[in-house]
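One structure is given below, encoded as structure tokens.
Every heavy atom of this structure was used, including side-chain atoms; hydrogens, water molecules and symmetry mates were not. Sequence positions, counted from 1, serve as the residue numbers for this chain.
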Amino acid sequence: MTRILLINPNTSTATTHMMAGIARTYFASVMAGPPSVVGATVPQGAPMIVDEHDLAIAAEAVNDPQIIALAALADGVIVGAFGDPGIDALRARLDVPVVGIGASSVREAATGGRRFGIATTTPRLADSIAANVRKLGLGAHFTGARFTTGDPLALGDAPAQLESSLAGAVQACIEADGAQAVVIGGGPLGEAAQALGERFSIPVIGPVPAACRALLRAMRLGQARPFREETT
């Protein structure tokens, strides 16, 4: 059986299980014989990546020998943090496709030249988010990021409040910035992204399913559903 490793670059095992569950559900929805998805939590770092320091530690942790050993057994790898930390070094060490949830979701959002925004909970990563969009050559399509207020960790522990706060950020991307699609920017926000996909008339893109679609294309496995059929 094909084996997918989903690496969580933060230390929350609950987030790992959540993201791996979303990936399993997505693969099962588009393939008769879906791959096995294994979640791996990095051995060091922060429970949520909220600033540049956390992002730098995550980049090292993704390339920890324990993680590399697991990745060497996989047929494809997903890096499950929006900044795609450590992904270039990981690709250099592996002979299998490696995708990140950040680049995958942003590229999907810009499909067909759409203007897109990003809604997330980590304002201290604003510069990094914008830089990563520009690195992908999509700066001209980017309407900007909108952020929730308050402590991201506390918000993450209150699912209903998280969804409501992110909905406000999505609405601002649409109404104030003119976004035609909105990315929910963060692995820990995966469940909220699924719920928000049902609330708006424009595509609201969950980063984990977007990475799954990108990995299927890279691995040439099955058939990733067209973007307009999968907005969460």
Side-chain angles (χ1 to χ4, degrees), residues 6 8-10 12 14-16 18-23 25-26 48-50 55 78-85 99-111 114-126 128-130 132-133 136 138 141-150 152-214 227-232:
L6 190 152
N8 177 15
N10 73 49
S12 169
T15 296
T16 305
M18 179 266 289
M19 290 193 295
I22 291 173
T25 298
Y26 176 77
M48 180 183 284
I49 298 169
V50 300
L55 199 59
I78 295 171
V79 176
F82 197 64
D84 299 339
V99 302
I101 65 171
S104 297
S105 55
V106 165
R107 286 191 176 109
E108 187 168 291
T111 299
R114 274 187 303 225
R115 290 167 52 79
F116 69 92
I118 295 171
T120 189
T121 62
T122 51
R124 283 182 283 175
L125 286 170
S128 176
I129 289 170
N132 285 340
V133 170
L136 294 170
L138 297 172
H141 303 283
F142 185 40
T143 63
R146 291 285 179 164
F147 300 94
T148 58
T149 59
L153 282 166
L155 199 57
D157 289 333
Q161 184 180 352
L162 173 63
E163 183 183 330
S164 177
S165 296
L166 281 171
V170 171
Q171 197 70 42
C173 286
I174 298 168
E175 294 183 353
D177 304 331
Q180 298 167 304
V182 178
V183 174
I184 302 300
L189 312 181
E191 289 181 338
Q194 290 183 302
L196 291 167
E198 304 297 323
R199 294 178 58 169
F200 293 91
S201 60
I202 70 164
V204 176
I205 300 166
V208 175
C212 292
R213 287 186 282 273
F227 170 72
R228 290 187 181 277
E229 294 182 24
E230 177 62 57
T231 60
T232 60

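Closest of all the heavy-atom pairs between Leu155 and Leu162 is O-CB, 3.5 Å. The nearest pair of heavy atoms linking Leu138 to Arg107 is CD1-CA, 4.0 Å. Pairing each heavy atom of Ala181 with each of Ala109, the nearest pair is CB-O, 3.9 Å. Of all the heavy atoms in Met48 and Pro188, the pair that sits closest is CE-CB, 4.0 Å. The shortest heavy-atom contact between Gly187 and Ile101 is N-CD1, 3.5 Å. Across all their heavy atoms, Ile205 and Ser105 have their closest contact at CG2-CB, 4.1 Å.
For the pair Asp177 (side chain) and Gly117 (backbone), a donor-acceptor distance under 3.5 Å is absent. Side chain of Ser104 to main chain of Gly100: a donor-acceptor pair is present (N/O by atom type, distance under 3.5 Å, no hydrogens or angles). At least one donor-acceptor pair closer than 3.5 Å links the side chain of Ser12 to the backbone N or O of Thr15. Glu163 places no side-chain N or O within 3.5 Å of a backbone atom of Ala192 that could act as its donor or acceptor partner. Of the possible donor and acceptor atoms, one in the side chain of Arg114 sits under 3.5 Å from a partner among the backbone N and O of Glu108.
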So Asp84 and Asn132, side-chain contact (heavy atoms from CB on, under 4.5 Å) or not? Walk me through it.
CA-CA 9 Å; Asp84 299 339; Asn132 285 340; over 6 Å; no

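Within the 4.5 Å cutoff, no side-chain heavy atoms of Thr149 are placed close to those of Ser165. Counting only heavy atoms from C-beta outward, the side chains of Phe82 and Val106 approach each other to under 4.5 Å. The closest side-chain heavy-atom distance from Phe200 to Ile174 is below 4.5 Å. Counting heavy atoms from C-beta outward, Val182 and Leu196 have side chains that stay 4.5 Å or more apart.
The distance from the CG atom of Leu6 to the CE atom of Met18 is 10.0 Å, given to the nearest 0.5 Å. Considering CE of Met19 and SG of Cys212, their distance stands at 10.5 Å, rounded to 0.5 Å.
For the side chain to side chain donor-acceptor pair (under 3.5 Å) test, no residue two or more places apart in sequence or in another chain qualifies with Arg124. In terms of the ring-ring contact (aromatic ring centres under 6.0 Å, His included) criterion, residue partners of Phe142 (sequence neighbours excluded) are, by chain and number, Phe116.
When each of Thr121, Ile118, Leu189 is paired with Ile184, the side chain to side chain contact (heavy atoms under 4.5 Å, CB included) condition holds for Leu189 and for no other.
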